[in-house]
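Notes follow once the structure below has been shown.
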Amino acid sequence: MENKNGKLFIITGPSGVGKGTILKKFFESNHNIIYSISETTRKPRPGEVHGVNYFFVEKEDFEKSIKNDEFLEWAKYSDNYYGTKKNFVLKALSQGADVLLEIETQGAKKIMEKFPDCITIFFTPPNLDELEKRLRGRKTEDEEAIQKRLHQVKQELTLAPLYKYSIENDKIEDALEKLQAVYNKEKDIQILKQDGK
Ligand code: 5GP
C-alpha cells in the first residue's frame, strides 16, 4: 500500500511492559504525531475512557466491522478483539500527518506487510520477573488472565528481532528518551526525503 505523506510508527511490546506510561509522556511533548485509538471488545479498566484509551465496542459490532473490511488490521488477543480502523489512519497519513499505532505482534506483522516503510519499535522488559511483577501490580487482571498474558509475552519476545528498533524499558525516563531519539531521527529522514536531498 502506498503512503506518500505521513509516516506510520508501530509500537509493540508485551503486555505490562509500560508502553502506555511511556506513550502518555511522549504525546505530552509531541503534538505533530497522531495516536490511533483502537477498537476493542475488552471491558474498560478503571480510569479508562471511551474515545481516549480505546473505543470499547460489543463483539457483534466488531465482527460486523471485520466483515465490512473496515480494519487496517485486527487481532484476537487474550480472548478479546483489538483492531485499527482503516479510514482514520489512511486519511491522516494522506494529509501528511504522522500516525502511531500501539498494537500487538500479529497486527504489527500485518501492518509491516502493507506498509513496508513503517517504523517499527519493540519495547522489551528488563526481564520476565519484572514484567510479571508489573502485570500483577496493576491489579487489573485475574490469575487466569495473567497466566495467559505471561504465556503470550514469551512468544511475543521472540519476535523482537523483526523490528527496526528495540527499546528496553528499565527506567521510564531512559526509554522515553530513546523513543524520542528514534522519532526525531525518523522525522528528519522524512524531511530530507521531501526536500529531495
Ligand atoms: P490491553 O488489553 O493491555 O490494553 O492490550 C492488549 C494488547 O493489545 C496490547 O499488546 C496492545 O498493544 C494491543 N492492542 C491495542 N490495540 C490494538 C489494535 O488496534 N490492534 C492490535 N492488533 N493490537 C492492539
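The structure displayed is predicted, hence computed values, not measured ones. Order of appearance sets the numbers: ligands from 1, and atoms from 1 within every ligand.
At a heavy-atom cutoff of 4.0 Å, ligand 1 is contacted by no atom of E156, backbone or side chain. At a heavy-atom cutoff of 4.0 Å, ligand 1 is contacted by the side chain of R45 but not by its backbone.
Atom OG1 of T140 is separated from atom CD1 of I146 by 7.5 Å, given to the nearest 0.5 angstrom.
Protein heavy atom nearest atom 23 (N) of ligand 1, with residue, atom name and distance: E104 N, 3.1 Å. With hydrogens left out, the protein atom closest to atom 12 (O) of ligand 1 is E102 OE2, 2.3 Å, a heavy atom. Looking only at heavy atoms of the protein, atom 15 (C) of ligand 1 is closest to Y54 OH, 3.2 Å. In terms of protein heavy-atom proximity, atom 19 (O) of ligand 1 is closest to S38 OG, 2.6 Å.
Electrostatic pairing of E113 and K110 does not count as a salt bridge here, judged by no charged N lying under 4.0 Å from a carboxylate O. Ion pairing between E58 and K64 fails under the 4.0 Å rule for side-chain N and carboxylate O. Remark: R42 does not engage D79 in a salt bridge, criterion side-chain N to carboxylate O under 4.0 Å. Residues K86 and E70 are not paired through a salt bridge, judged by the lack of any N-O separation under 4.0 Å between the basic side chain and the carboxylate.
Of all atoms in ligand 1, numbered sequentially from 1 with element shown, those under 4.0 Å from a heavy atom of A75 are 22 (N). Remark: ligand 1 atoms within the under-4.0 Å shell around heavy atoms of R42 are 1 (P), 2 (O), 4 (O). The atoms of ligand 1 that sit less than 4.0 Å from any heavy atom of Y77 are 6 (C), 7 (C). For ligand 1, the atoms sitting less than 4.0 Å from at least one non-hydrogen atom of G107 are 22 (N), numbered in the order shown with element in parentheses.
K19 counts as a contact of ligand 1, since one of its heavy atoms falls under 4.0 Å from the ligand. Residue contacts with ligand 1 include E73, since one or more of its heavy atoms lies under 4.0 Å from the ligand.
Between Y82 and F62, the ring center distance fails the sub-6.0 Å criterion. The aromatic ring centres of F27 and Y35 sit less than 6.0 Å apart.
Atom NE2 of H151 has 12 or fewer heavy atoms from other residues, nucleotides or ligands within 6.0 Å.
No cation-pi contact links K59 to Y81, judged by a cut-off of 6.0 Å to the six-membered ring centre and 45° from its axis.
For ligand 1, the polar-atom distance check finds no N/O of E39 at less than 3.5 Å from any of the ligand's N/O atoms. At least one N/O-N/O distance between Y82 and ligand 1 falls below 3.5 Å.
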